[in-house]
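Note sheet for the following structure.
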Amino acid sequence: MNIIPLASPISSSVVYRVADQAFDFTPNDPGEVAARTGSPASLAVDTVLVDVGMPNGILLYVWGYSPQSSWPAVPGMPSGAVDGVVMVDEPELDSRGSVTIRRDGSDPAEVWWTQFDADTGVVPHHERRIR
């Protein structure tokens, strides 16, 4: 993956809906999403989806089920965080339209964690760890 710090993300809001235990994405201008999407594609990280604009591979937005009760609280933003967009180079996205990123089952202790800052409500990222 590449971080493109000078590109501007889609003007939108991503909220966590407690009743649904899910992230929801609401663009300020749906036309902007349509213009950046091209061919629809997505990365599935367990039950959370990241929609990707193809063929450029820019990650557009996140949505999906992610129970907050399992998130460890980690104060502050991750070190090195920058504003911008992320671009993924995944050849399988072109041919299949969707790629699942998950543990391969060889190690039952390998899981995806969602961290969050309880003071700000910021959910900085998903991270794969070995317990």
Side-chain angles (χ1 to χ4, degrees):
M1 281 193 232
N2 298 310
I3 296 176
I4 306 168
L6 300 177
S8 61
I10 292 174
S11 179
S12 64
S13 61
V14 176
V15 296
Y16 184 78
R17 303 207 186 276
V18 176
D20 296 333
Q21 297 186 50
F23 291 101
D24 192 11
F25 170 79
T26 306
N28 294 345
D29 176 5
E32 181 183 8
V33 176
R36 292 195 192 194
T37 299
S39 302
S42 62
L43 297 173
V45 181
D46 285 337
T47 57
V48 174
L49 295 172
V50 181
D51 280 26
V52 181
M54 295 303 291
N56 62 16
I58 292 178
L59 305 186
L60 300 173
Y61 55 91
V62 62
W63 62 282
Y65 178 74
S66 181
Q68 187 177 9
S69 60
S70 65
W71 302 351
V74 177
M77 292 295 289
S79 62
V82 296
D83 287 335
V85 298
V86 177
M87 187 170 75
V88 65
D89 180 16
E90 174 55 61
E92 290 294 316
L93 281 175
D94 283 336
S95 62
R96 294 193 346 216
S98 181
V99 172
T100 300
I101 301 171
R102 67 175 130 187
R103 61 188 169 138
D104 63 9
S106 63
D107 185 346
E110 184 179 12
V111 297
W112 284 94
W113 293 85
T114 301
Q115 302 175 352
F116 81 109
D117 182 332
D119 293 331
T120 64
V122 171
V123 181
H125 58 82
H126 275 59
E127 181 177 310
R128 188 172 69 165
R129 290 191 181 167
I130 306 297
R131 289 194 253 198

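Residue indices begin at 1 and follow the sequence shown.
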Practice item. Using the test side-chain hydrogen bond (donor to acceptor under 3.5 Å, both in side chains), find all partners of Q68 that sit at least two apart in sequence or belong to another chain. Key: none

Practice item. Specify whether F23 and Y16 have parallel, tilted or perpendicular ring planes, treating 30° as the upper limit for parallel and 60° as the lower limit for perpendicular. Key: perpendicular

Review point. Partners of D24 by salt bridge (Lys or Arg N to Asp or Glu O under 4.0 Å), sequence neighbours excluded?
Key: R17

Practice item. Can you sort out the partners of D29 under side-chain hydrogen bond (donor to acceptor under 3.5 Å, both in side chains), two or more places apart, ordered by chain and number? Key: none

Point to revise | Side chain to side chain, L43 and V52, heavy atoms closer than 4.5 Å | key: yes

Practice item. Could you pull out all residues at least two apart from S69 that satisfy side-chain contact (heavy atoms from CB on, under 4.5 Å)? Key: P67

Point to revise | Cluster check V15, V18: I/L/V/M/F/W/Y, side chain < 4.5 angstrom | key: no

**Study point:** side-chain contact (heavy atoms from CB on, under 4.5 Å) partner of V33, the single match among P27, S12, S11
**Key:** P27

Check your understanding: Who passes ring pair (Phe, Tyr, Trp, His ring centres under 6.0 Å) against Y65, sequence neighbours left out?
Key -> none

Which atom pairs, one a donor and one an acceptor, fall under 3.5 Å between side chains of residues 56-64 and the rest of the protein, sequence neighbours left out?
from, atom 1, to, atom 2, distance (Å)
N56, OD1, I58, N, 3.0
Y61, OH, D51, OD2, 2.8
W63, NE1, D51, OD1, 3.0

